[in-house]
Structures are given as C-alpha cells and as structure tokens.
Undergrad: 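What follows is a single structure, and I will ask about it in a moment.
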Number of protein chains: 2
Amino acid sequence: MPSPNIVPPARFSAQARLRALQSDIMDLILDRELEAGDALPTENELCIALGVGRNTLRESLKVLQALGVIEIRHGFGMFVAPSNFEALADGLIFRARLSLRHHGLEALQLVDVRQALESGLIGSSMDLITAEQLAGIEESVVRMEELAAAGESFVDADSDFHSRLFEPLNNELLLNLLGVFWKVYRKIHTEIGAGAEDLAAVAALHRNVYAAVAAGDKARAARELTRHFDGIRRRISDAVTE
Amino acid sequence: MPSPNIVPPARFSAQARLRALQSDIMDLILDRELEAGDALPTENELCIALGVGRNTLRESLKVLQALGVIEIRHGFGMFVAPSNFEALADGLIFRARLSLRHHGLEALQLVDVRQALESGLIGSSMDLITAEQLAGIEESVVRMEELAAAGESFVDADSDFHSRLFEPLNNELLLNLLGVFWKVYRKIHTEIGAGAEDLAAVAALHRNVYAAVAAGDKARAARELTRHFDGIRRRISDAVTE
DNA sequence: CCGTAGCGGATGTCCCATGTCCCCTGAGCG
DNA sequence: CGCTCAGGGGACATGGGACATCCGCTACGG
C-alpha cells in the first residue's frame, strides 16, 4: 500500500469493524445535530471523513437504510429518515416463515407478544380516546362486516382497526411495532392458507371489541381482544400440525 | 452486452430493487430448505444465481446480516443465523438518542411499551415459573443489593433480573425484544447521566418485585413493576427538561 | 409566462486486484 | 497410534475506478 494508512494495525473481526463504521456514521449525524429530513454529506465526503472506501461505506449505508436510520434517494442524496420499521418486519417475516416449517413456534410467540401489548394497553388507550377516534374504529368494523358479507378478505380494514385502537396513546413506537407484527401475521396468513377462516366470525369478534371499548368496559375489551388472539393462535397451530 | 440479459428493462426504484434482491435471497434459503446453521452458496454463486454484481449482492447480504437473517464468517462462508436482534437495537438506540435532543418522546414511548410487555406478561410467567428459576431471580436481586451497598452500578444484574423474570415463558421473541429495550435503555442511561440515581432504592424496588413473585401475588407483582417503570420514566423526564 | 430539454451532481451497478481470515489437511513428533 | 501445528486453498473484506442511471435545477425557446 503506497500511503502509510493507519488502518492495518487495529484489526478486529470484520463484523466489529462494520458495526463500528455504522456507529461512526450515526455519531456523525448526532454530532452535527442533524434532524430528520436533513441531508447527510455525500458518499465521497463520508469516504474521506471516515477513512474507508466507497464500497465499504456503502455497505454500512445500506444497513442504516434498512434500519430506517437514513433514507437514500438515487441521484439526489442521503437524508436522516423518519421512523421506519420495515426492516424489522422483513427479518421477522423470514424467521416466522422459517419456523412454520417446524412447529410454528416463532409465529406463536409473536402472537403472544402482540396479545400482551394490545391487551395490556387497551385500557390506557381507552382513557384517552376521543369520540372522533371511536367513530373511526366503528367505521373499520363496518367496513369489515361489509366485506365479510361480500365474501371478500378484509386485511386492510383489520389492520386499520388495530391501528386506530391504539392511536389515542400517541405512541409511535407502539404503532410501529404493532404494524410490524401485523405485517408478519399478514404474510403468515397468506402462507398458511387464508381460505379456511370464517370471515363473518372474525368481523363479529372485532365488533365485540368495539362494543366493549365504546361502553368503556376495559376488562371486557381486554377479554375480547384475548379471544380474538386465541383464534389466531388456533389457526396457526392447525396450519402447522396438518 | 453479448448475452441477451433480461435485467435492463424492468427498472424500478433502486430501493425496490434492493428489497427485491433481499427477498430473493431469503426465498432462496426457504426454497432450498436451509435451516439455521446451514451454509449459503458462496458470494460468486449467488451473483450468478441472482444475476447481479458482487457489490450489489454484498450490500443486500450485509443488510440481511444486520437483520439477523444470516451470519457472515470472514474467510469461511455465510450461514443461516439464529435469532438476533442486535440490528433493531442499534436503530432504536439511534432514534432514542435523536429524540433525547428534543423531548425524549421516543425514549418514553419505549418505556411504555416495555412496561406493557412486562406488566402484562408477568402473570403468565408466574404460572410457569419453577423453584429453580425463582432462586435465580433472587440471586440477581442479592447481587444488585451487594453492588448497591458497595456503591457500584449494577446494569448487568438488573438486566439478568428482567431476563429471568420472563424466562419461564420460553418465548425467545419476547426475550429478544426485552433485551433490545434493555440495551437501548442502558445507552440512554449513560447518556442522561447515571450518577443521580439512588442505587439502594432501585435495588429495593427489584426486591419488592421478587417478593411479590415469590408470594405468587400476580397483581402486586404487576403493580411493583409499574412502580419501577414510573421511576425510569421520571428519570428520563428529569434529564430532558433540565 | 410557462413548459421542456439539457446540465451537473449524486447515487447505482459492476469489475478487478489485493489483503485478510478461517477451516482443513497432512507431515512430523512424542 | 494419537496429537500438534504449519501450510494450502477457499472464501470473504476492502479499495479503486469506470460507466450507467436518476433527480432537481436552470436556462432556453415558444
């Protein structure tokens, strides 16, 4: 190597170096007090600033993009991204699909976690819910019932329902997490065959939840949610054991 | 180009292509029925199989590594990885640190989610807990008390405590998630200045939780956990508003 | 005044060369 | 016969360069 570069000595595992590089980039963002939406330096500037080659840098950059830390716009630049959990979803979907080949363990665990979150937080959410938000929830239920009557699947309406249920908490992290779980479940759902389910029954379960929320009965709401999840769990078990 | 390659026409956004490539790799793993620990084809083979250049492929590979889907061992090969949420932690840590510059909103949301999980699942965990596991929990408490008496911080013992609390559930996803939250909190903790906290008081809170668990009093255990989280929340708020 | 073609800059993709690391193997030794 | 360790070969890591592609901006022309 022509230049007396300082890289060679401190050689840890490659993985550690990559992580260190990612950390350096994140630290650089924090040091420069960049906010969501602000532009990062160009790739070349970062190469120089961090003392690594473009390929190496780009690998880290792509990871940060996947992690939802930065957003890369082809031909324009790189920016600090708003929250984004897409990547987590992809990882979990993979895990879940892998586990479905055996006993569906991870898929069931995911339902458990989701149940704990939803059943555990429905009470707090009900404390803060507004009439408007309540109306939005009922709208989702109505849409589900209409689609069920027409014999069509209603994944979007179902997703909306759960999002709106916890909108009052104003907790973006929670909504993101639930969104991820939802996305994973949706994928699993199509994988294990969606045909067998009873659309009308699912819609009815959701209406029960809505009724409990509207009545302000926290315990019942949590109970109805639990029943809903029991159904999901059973469907996964059936699909795996068959 | 000599070969009538099919790549050029279908040109979507770069981001979409990268995601598609990641999906292709994951599908390839699933198609070949690879299990955790199995080796993937070499980089060159994947280049050919997927029809992309090595750098492009490597960017996707690094993302999958960060997502915990694969494990890359320098000089040996690539393997399907066991569950791993390190990446998520890094992303969340970044978000949390970014938010601490403002109102610490994301950090507080994270505590809310963690509280919902722990308070919501402590009951189920207590249903399954064995005497052995209970002893392990007490051991963690004792260690915390000893360290507190010595005036030393006890992050590891604290982490152990919470892990063991939910070990009986045998839910790896949950333990991973809690581990992530813990890691983020730990980072935040050092960032907002750890000195101000009352070690003995924190240790005492943990002993209260243990006592409730040992007594089999689910409601009290959930209540004590909630008190613990209230303390964390207050500490974050104090650090931000100062 | 407005639409559009062209320009500059930034990212996307790819190849090649070389460095580095790890597992495996087999020769040598006790 | 079994163990140790040096070497080989395969695979990943890193860096640099070239070219393609895309985006936003601007200046030209109607």
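Hydrogens, waters and symmetry mates are skipped; everything else that's a heavy atom, side chains included, is used. Per chain, numbering begins at 1; letters A, B, ... match sequence-line order. Since this is a predicted model, take the numbers as computed values, not measurements.
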Undergrad: Find the distance A:Arg54:CZ to D:dA20:C1' and express it as a whole number of Å.
TA: 12 Å
Undergrad: Can you tell me how far the CD1 atom of B:Ile25 sits from the CZ atom of A:Phe94, to the nearest 0.5 Å?
TA: 10.5 Å
Undergrad: Can you measure B:Glu59 atom CD to C:dC15 atom P for me and round it to whole angstrom units?
TA: 13 Å
Undergrad: Which atom pair, heavy atoms only, marks the closest approach of A:Ala107 to A:Leu100?
TA: CB-CD2, 4.3 Å
Undergrad: Starting at the 5' end of DNA chain D, which residue's closest nucleotide do you reach first, B:Asn44 or A:Gly53?
TA: B:Asn44
Undergrad: Hey, does A:Arg73 reach any base, or is it just sugar-phosphate, or nothing, if we go heavy atoms under 4.0 Å?
TA: sugar-phosphate
Undergrad: Rounding to an integer number of Å, can you tell me how far A:Leu46 CG sits from D:dT14 C1'?
TA: 17 Å
Undergrad: Taking atom P of D:dG17 as reference, at what distance in whole Å does atom CD of A:Glu43 sit?
TA: 15 Å
Undergrad: Which nucleotide, D:dT14, D:dA13, C:dC15, lies nearest any side-chain atom of A:Thr56?
TA: D:dT14
Undergrad: Choose from D:dA13, D:dG24, C:dC15 the nucleotide whose nearest atom is closest to any side-chain atom of A:Asn55.
TA: C:dC15
Undergrad: Could you tell me the separation between the NE2 atom of B:His74 and the P atom of C:dC23, rounded to a whole number of Å?
TA: 12 Å
Undergrad: What's the CD1-P distance between B:Ile48 and C:dC14, to the nearest Å?
TA: 13 Å
Undergrad: Mind checking if B:Gly75 touches a base, just sugar-phosphate, or nothing, with heavy atoms under 4.0 Å?
TA: base
Undergrad: Remember a base hit wins even if backbone is also touched, and classify B:Arg58 as base, sugar-phosphate or nothing at under 4.0 Å, heavy atoms.
TA: base
Undergrad: Under a 4.5 Å cut-off applied to non-hydrogen side-chain atoms, are B:Asp24 and B:Ser60 in contact?
TA: no
Undergrad: Within the structure, does a side-chain N or O atom of A:Arg17 lie under 4.0 Å from either OP1 or OP2 of D:dT14?
TA: yes
Undergrad: Test: side-chain hydrogen bond (donor to acceptor under 3.5 Å, both in side chains). Region: residues 63-75 of chain B. Which pairs qualify, not counting sequence neighbours?
TA: A:Gln15-B:Gln65
Undergrad: Could you give the distance from NZ (B:Lys187) to NZ (B:Lys183), rounded to the nearest 0.5 Å?
TA: 9.0 Å
Undergrad: A:Lys62: what forms a salt bridge (Lys or Arg N to Asp or Glu O under 4.0 Å) with it, not counting sequence neighbours?
TA: none
Undergrad: Within residues 61-69 of chain A, which residues have any heavy atom lying less than 4.0 Å from an atom of DNA chain C?
TA: A:Lys62
Undergrad: Specify the separation, in whole Å, of atom CG of A:Leu40 and atom C1' of C:dT11.
TA: 13 Å
Undergrad: Between atom CG of A:Leu61 and atom CG of A:Leu40, what is the distance when rounded to the nearest 0.5 Å?
TA: 7.5 Å
Undergrad: Please state how far atom CE in A:Met78 lies from atom C1' in D:dC23, giving the value in whole angstrom units.
TA: 15 Å
Undergrad: Between D:dA11 and B:Thr42, is there an OP1 or OP2 to side-chain N/O distance shorter than 4.0 Å?
TA: no
